[in-house]
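Inspection log for the structure reproduced underneath, given as structure tokens.
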Amino acid sequence: GAVVSQHPSWVICKSGTSVKIECRSLDFQATTMFWYRQFPKQSLMLMATSNEGSKATYEQGVEKDKFLINHASLTLSTLTVTSAHPEDSSFYICSARLTGGYQPQHFGDGTRLSIL
Amino acid sequence: EDQVTQSPEALRLQEGESSSLNCSYTVSGLRGLFWYRQDPGKGPEFLFTLYSAGEEKEKERLKATLTKKESFLHITAPKPEDSATYLCAVQAQAGTALIFGKGTTLSVSS
């Protein structure tokens, strides 16, 4: 149980294009989903917290106009990297948490984004 | 400031050589401490949640323990397939975001 699916797993695109990443909770409903960025040999850096039906909460230093987050249903959140540039190249990981108490977050397998 | 520190950064073991990973934390009211395993190019895989000092959890060769200041992940008789980065994270009372340590990269050779 508690499976999170993330797509695509790898994307390469040209500078200036926008890229959408999907995060789905397959066997549970998640009122809260999270988006992280991870640099090589570094730990996870929280970018934003996404709540179903409301605006995402972004961490300090994360550009909300660059990283658009939509959480339209209890099982789907999307991250769109707009007008991507090489410095946006990274490993992006989403997670979802079951409701109730202090439940663990369950993570997707990440998306490797490479901007040429 | 809430903080999580993991040690050592890297650990090399021979197959069957037991050891422990450390996670020290300072948070304003611990609500939960989480252990994850992360393989290269993958997202973290949930292992354990610990909620209060004295609590212990076990899964196969792994055992997690918790005190008021730190948590240990004990690995008994490790196998090469246990090689991975182990992440510790805490959830503090004030917010909902997890605070991650930088991880311990474990390499087990046969």
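A, B, ... follow the sequence lines: proteins, then strands. Residue 1 opens every chain.
The side-chain heavy atoms of Gln105(A) and Phe34(B), taken from C-beta on, include no pair separated by under 4.5 Å.
Identified by a heavy-atom distance below 4.5 Å to chain A, the contributing residues of residues 101-110 of chain B are Gly101(B), Lys102(B), in residue-number order.
Lys42(B) contributes atom NZ, which lies 11.5 Å from atom CD1 of Ile93(A) (distance to the nearest 0.5 angstrom). Distance check: Leu44(A) CG to Leu87(B) CG gives 6.5 Å after rounding to the nearest 0.5 Å. With rounding to the nearest 0.5 angstrom, the CD atom of Gln91(B) is 10.0 Å from the CD atom of Gln103(A).
For chain A, the nearby part of Tyr36(B) is the side chain; its heavy atoms alone come within less than 4.5 Å. For Gln38(B), the part sitting under 4.5 Å from any heavy atom of chain A is the side chain, from C-beta outward, and nothing else. For Gln38(A), the part lying under 4.5 angstrom from a heavy atom of chain B is the side chain only.
Note on Phe48(B): it clusters hydrophobically with Leu30(B), by side-chain heavy-atom contacts below 4.5 Å among ILVMFWY residues. Neither Phe91(A) nor Val81(A) shares a network with the other; the hydrophobic side chains, linked directly or stepwise wherever heavy atoms of I, L, V, M, F, W or Y lie under 4.5 Å apart, form separate groups for each. Linking ILVMFWY side-chain heavy atoms closer than 4.5 Å, directly or via other members, places Ile75(B) and Leu11(B) in a single hydrophobic cluster. Under the 4.5 Å side-chain heavy-atom criterion for grouping Ile, Leu, Val, Met, Phe, Trp and Tyr, Phe107(A) is not connected to Leu113(A) through any hydrophobic cluster. Under a hydrophobic-cluster definition in which Ile, Leu, Val, Met, Phe, Trp and Tyr are linked whenever side-chain heavy atoms come within less than 4.5 Å, directly or via other members, Trp35(A) and Val62(A) are assigned to the same cluster.
More than 12 heavy atoms of other shown residues, nucleotides or ligands fall within 6.0 angstrom of atom NZ in Lys66(A). Within a 6.0 Å sphere centred on CD of Glu9(B), heavy atoms belonging to other residues, nucleotides or ligands number 12 at most. Annotation for Arg12(B): atom CZ does not count as buried by contact number, only 12 or fewer foreign heavy atoms lying within 6.0 Å.
Listed options Pro44(B), Gly41(B), Pro40(B), Gly32(B) were ranked by heavy-atom pairs under 4.5 angstrom with chain A; first place goes to Pro44(B).
Listed by chain and residue number, nothing satisfies the side chain to side chain donor-acceptor pair (under 3.5 Å) test with Lys55(A) (two or more places apart in sequence, or in another chain).
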